[in-house]
Amino acid sequence: MTETQGKFILRIAGIYNMLFGLVTIIFPNLFFEMAGMELPLYPMIWQCVGMIVGVYGLGYWIAAGDPKRHWPIVLVGFLGKLFGPIGFAWYLAQEVFPFKWGLIIMFNDIIWWLPFGILLYEAYKASKNQISYARR
């Protein structure tokens with residue numbers, strides 16, 4: 001992945017996360033209604049999730065300025081995108097979440113695994129090159 005592509009991916013992830021967060025804050029019941037789920041008793045908790053997702057988006061936008069330097073932001077995002085689907089699978093197996101909720105997981109998490117993984121690998125390679133260059 002070129003540096004320009006990495007920056008583009010993080011900008012898109014930033015915009016997506018900020019928009020998802022905003023929609024979740026303004027319309028906290030929307031995704032539950034779309035999935036045919038019972039509405040949450042405390043929608044403000046879901047609004048907090050929206051705020052967190054939106055803040056991640058800001059982090060991705062910042063990381064896009066220099067993805068190799070800001071790899072910790074990408075790593076934290078990658079881990080969230082990894083653990084979210086694990087939690088979803090757990091509750092899907094317990095029949096707590098409907099399968100439809102998986103659409104949110106697909107777009108919020110799974111589609112980002114490969115590009116974020118590549119960005120992290122590129123940052124790792126760059127750090128190894130800097131270490132070997134410094135030893136010369």
Under 6.0 Å from the [atom1] atom of [X], do we count more than 12 heavy atoms belonging to anything else shown?
| X | atom1 | answer |
| --- | --- | --- |
| Gln94 | CD | yes |
| Phe27 | CZ | no |
| Met106 | CE | no |

Would you mind reporting whether [Y] and [X] have side-chain heavy atoms less than 4.5 Å apart?
| X | Y | answer |
| --- | --- | --- |
| Trp71 | Tyr124 | no |
| Trp112 | Val74 | no |
| Met18 | Tyr60 | no |
| Leu10 | Phe116 | yes |
| Ile12 | Phe8 | yes |

Specify the closest pair of heavy atoms between [X] and [Y], including all atoms of both residues, with the distance to one decimal.
| X | Y | answer |
| --- | --- | --- |
| Pro98 | Ala35 | CG-O, 3.8 Å |
| Pro85 | Trp113 | CG-CZ2, 3.8 Å |
| Met1 | Gly6 | SD-CA, 3.5 Å |
| Leu119 | Pro67 | CD2-CB, 4.2 Å |
| Gly57 | Asn17 | CA-CB, 3.5 Å |
| Pro115 | Ile9 | CB-CG2, 3.7 Å |

Practice task
Kindly write out the residues that satisfy salt bridge (Lys or Arg N to Asp or Glu O under 4.0 Å) with Lys7, not counting sequence neighbours, or none if the list is empty.
Solution key: Glu3
Exercise for the section: Hey, can you tell me if Phe32 and Trp101 have their rings parallel, tilted or perpendicular (30° and 60° cut-offs)? Expected result: tilted
Please check if [X] and [Y] belong to a single hydrophobic cluster, counting links between Ile, Leu, Val, Met, Phe, Trp and Tyr side chain heavy atoms closer than 4.5 Å.
| X | Y | result |
| --- | --- | --- |
| Val96 | Tyr42 | no |
| Met44 | Ile52 | no |
| Phe99 | Trp90 | yes |
| Phe107 | Val23 | yes |

Problem - Pairing residues for Asn29 by the side-chain contact (heavy atoms from CB on, under 4.5 Å) criterion, not counting sequence neighbours - result: Glu33, Leu39, Pro40, Pro43
Once rounded to the nearest 0.5 Å, what's the spacing between atom [atom1] of [X] and atom [atom2] of [Y]?
| X | Y | atom1 | atom2 | answer |
| --- | --- | --- | --- | --- |
| Ile105 | Lys81 | CD1 | NZ | 10.0 Å |
| Lys100 | Met34 | NZ | CE | 9.0 Å |
| Ile86 | Asp109 | CD1 | CG | 10.5 Å |
| Tyr56 | Ile73 | OH | CD1 | 11.0 Å |
| Thr24 | Ile104 | OG1 | CD1 | 7.5 Å |
| Leu120 | Leu79 | CG | CG | 8.5 Å |

Handout entry: Main-chain N/O of Ile25 paired with Trp46 side-chain donor or acceptor, under 3.5 Å
Key = no
Fill in the blank from the handout: Applying ring-ring contact (aromatic ring centres under 6.0 Å, His included) to Phe20 and not counting sequence neighbours gives Phe31
